[in-house]
Amino acid sequence: MALLFLSKHDDPTRWSAALHRHLPELDIRIWPETGDVGDIDSALVWNHPPGELNRYPNLRLILSLGAGVNHVLDDPDLPPGIPIARIVDPGLTGGMVEYAVWAAMRYHRNLDVYERFQREGTWKKLPMPDTARRGIGVLGIGEIGSACAQALSAFGFSVAGWSRTPRTLEGIVSYAGNESLKPFLARSEILICVLPLTTATRGIINAELLEALPKGAFVINIARGGHVVDADLLAALDSGHIAGATLDVFQPEPLPPEHPYWRHPKVTLTPHIASLTNPDTAVLPIAENLRRLSAGQPLLHLVDRESGY
Ligand code: GLV
């Protein structure tokens with residue numbers, strides 16, 4: 001049996017080498033050179049063409065090349081019933097934590113303002129902010145969100161997390177469900193979105209949510225562009241209700257050159273690099289799942305198609 005590697009964004013040579021280090025016998029087919037489609041029993045995918053995964057009659061496992069699986073579930077012709085696994089990798093999570101801490105710290109310490117002061121040639125000191133009184137809210141406290149929340153809490157920030165279903169995390173104030181979203185937002189001076197993109201979370205950062213944040217709040221989105229209603233965020237930045245936004249993800253990507261985010265004075269943006277899948281570390285959970293698939297053992301990091309994560 002063989003693994004299909006299907007991604008235009010990831011380097012097949014690096015991935016094949018990483019996979020062969022752990023599974024020397026693995027037969028890897030690099031799409032579109034699939035050979036006999038009947039040989040394929042697993043597929044490692046990122047942004048596959050819709051309907052493509054129906055061509056493999058013996059497919060038994062779909063592996064996402066990232067932490068997110070919305071790119072898999074968005075396919076209206078996804079073959080039913082086949083398990084889907086995502087990557088859970090400390091390397092990938094660590095990158096997200098670094099970015100979240102950097103972006104939150106930059107706003108907390110007024111570094112965005114000092115960057116402007118430097119451009120203006122202004123020597124001016126602002127009052128030192130109080131870490132313990134700074135409310136940070138993490139939207140989505142799954143694998144990645146909880147790591148971000150705990151790292152920020154270790155600095156002494158007052159961190160809360162919001163999730164669909166209740167979660168208990170040491171040192172983190174937890175809010176769960178739609179009815180607790182408003183109180184969670186009311187204490188979030190810095191909001192960090194780490195949610196999975198699902199039908200329930202698409203467009204969650206809209207005018208109503210932004211209005212529920214304290215005046216002068218900051219928004220950091222390291223999840224998916226589809227979480228944000230761009231016109232609503234731009235309006236909230238222009239009205240001054242939201243003081244700044246750091247955005248790593250967009251819809252569409254690449255962000256079109258004419259998009260107002262590029263030149264907005266209150267927007268800091270990066271090209272979806274908060275974390276990147278590193279084959280050397282991310283191969284471990286993938287190789288383990290392939291081993292389990294051939295041994296008929298329970299698979300790891302499976303996604304529930306209904307909830308979308
Ligand atoms: C990146 O966005 C990922 O889902 O890993």
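Positions are given from 1 along the sequence.
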Hey, could you give me the [atom1]/[atom2] distance between [X] and [Y], rounded to the nearest 0.5 Å?
| X | Y | atom1 | atom2 | answer |
| --- | --- | --- | --- | --- |
| Ile222 | Leu195 | CD1 | CG | 10.5 Å |
| Phe218 | Leu237 | CZ | CG | 10.5 Å |
| Gln150 | Ile141 | CD | CD1 | 9.0 Å |
| Asp41 | Leu59 | CG | CG | 7.5 Å |
| Asn221 | His227 | CG | NE2 | 7.0 Å |
| Leu53 | Ile62 | CG | CD1 | 5.0 Å |

Exercise: identify the closest heavy-atom pair between [X] and [Y]:
| X | Y | value |
| --- | --- | --- |
| Ile87 | Ala282 | CD1-CB, 3.8 Å |
| Ile205 | Cys193 | CD1-CB, 3.8 Å |
| Trp46 | Gly68 | CZ3-O, 4.2 Å |
| Pro214 | Ser188 | CD-O, 3.2 Å |
| Pro79 | Asn54 | CB-OD1, 3.5 Å |
| Ala132 | Ser158 | O-CB, 3.5 Å |

If only atom types and distance count, is the side chain of [X] paired as donor or acceptor with the main-chain N or O of [Y] below 3.5 Å?
| X | Y | answer |
| --- | --- | --- |
| Asn58 | Asp39 | no |
| Ser174 | Arg167 | yes |
| Thr201 | Thr198 | yes |
| Trp262 | Pro256 | yes |
| Asp248 | Ile273 | yes |
| Ser153 | Ala149 | no |
| Asp232 | Asn206 | no |
| Tyr114 | Leu126 | yes |
| Arg292 | Pro298 | yes |
| His241 | Leu210 | yes |

[atom1] ([X]) with more than 12 external heavy atoms under 6.0 Å:
| X | atom1 | result |
| --- | --- | --- |
| Glu258 | CD | yes |
| Glu306 | CD | no |
| Asn178 | CG | no |
| Glu208 | CD | no |

- Item | Worked check of side-chain hydrogen bond (donor to acceptor under 3.5 Å, both in side chains) between Ser307 and Arg164 | CA-CA 10 Å; Ser307 60; Arg164 203 172 62 105; 4.7 Å; no
- Message: Please evaluate residues Asn47 and Lys8 with respect to the criterion side-chain contact (heavy atoms from CB on, under 4.5 Å), reporting the C-alpha separation (whole Å), side-chain torsions for both, the decisive distance (0.1 Å), and the verdict.
- Response: CA-CA 8 Å; Asn47 279 343; Lys8 288 191 225 141; over 6 Å; no
Are [X] and [Y] packed together at the side-chain level, in the sense that at least one heavy-atom pair is separated by less than 4.5 angstrom?
| X | Y | result |
| --- | --- | --- |
| Arg224 | Gln251 | no |
| Asp74 | Leu197 | no |
| Leu19 | Leu44 | yes |
| Ile28 | Trp15 | no |
| Arg14 | Asp280 | yes |
| Arg21 | Val283 | no |
| Asp89 | Thr277 | no |
| Lys182 | Glu211 | no |

Can you get from [X] to [Y] by hopping between Ile, Leu, Val, Met, Phe, Trp and Tyr side chains that sit under 4.5 Å apart?
| X | Y | result |
| --- | --- | --- |
| Val69 | Val45 | yes |
| Ile190 | Phe155 | yes |
| Val219 | Leu269 | yes |
| Leu293 | Leu26 | yes |
| Val159 | Tyr107 | yes |

- Query: Side chains of Thr268 and Arg106: is there a donor and an acceptor less than 3.5 Å apart?
  - Reply: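 Arg106 and Thr268 do have a side-chain donor-acceptor pair below 3.5 Å.
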- Query: With the threshold set at 4.0 Å, does a side-chain nitrogen-carboxylate oxygen contact exist between Lys266 and Asp238?
  - Reply: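 So Lys266 does not pair with Asp238 through a salt bridge.
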- Between Phe157 and His108, does a ring-ring contact (aromatic ring centres under 6.0 Å, His included) hold up when you go through it step by step? CA-CA 10 Å; Phe157 291 111; His108 169 63; 4.8 Å; yes
- Task: May I ask you to check whether His259 and Phe250 place their ring centers less than 6.0 Å from one another?
- Result: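 Ring centres of Phe250 and His259 not closer than 6.0 Å.
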- Pair Met128-Arg109, side-chain contact (heavy atoms from CB on, under 4.5 Å): steps then yes or no: CA-CA 8 Å; Met128 186 70 186; Arg109 291 298 307 270; 3.4 Å; yes
- Message: Go through it in stages, so that I can follow the logic: the residues are Glu33 and Arg29, the test is salt bridge (Lys or Arg N to Asp or Glu O under 4.0 Å), and I'd like the CA-CA distance, side-chain angles, deciding distance and then a yes or no.
- Response: CA-CA 6 Å; Glu33 309 294 323; Arg29 311 278 171 90; over 6 Å; no
- Item | Criterion side-chain contact (heavy atoms from CB on, under 4.5 Å) on Glu143 and His301, from CA distance to verdict | CA-CA 10 Å; Glu143 191 73 28; His301 315 308; over 6 Å; no
- For Leu63 and Leu3, run side-chain contact (heavy atoms from CB on, under 4.5 Å): C-alpha distance rounded to whole Å, both residues' side-chain angles, the deciding distance at 0.1 Å, then the answer. CA-CA 10 Å; Leu63 297 147; Leu3 167 77; 4.3 Å; yes
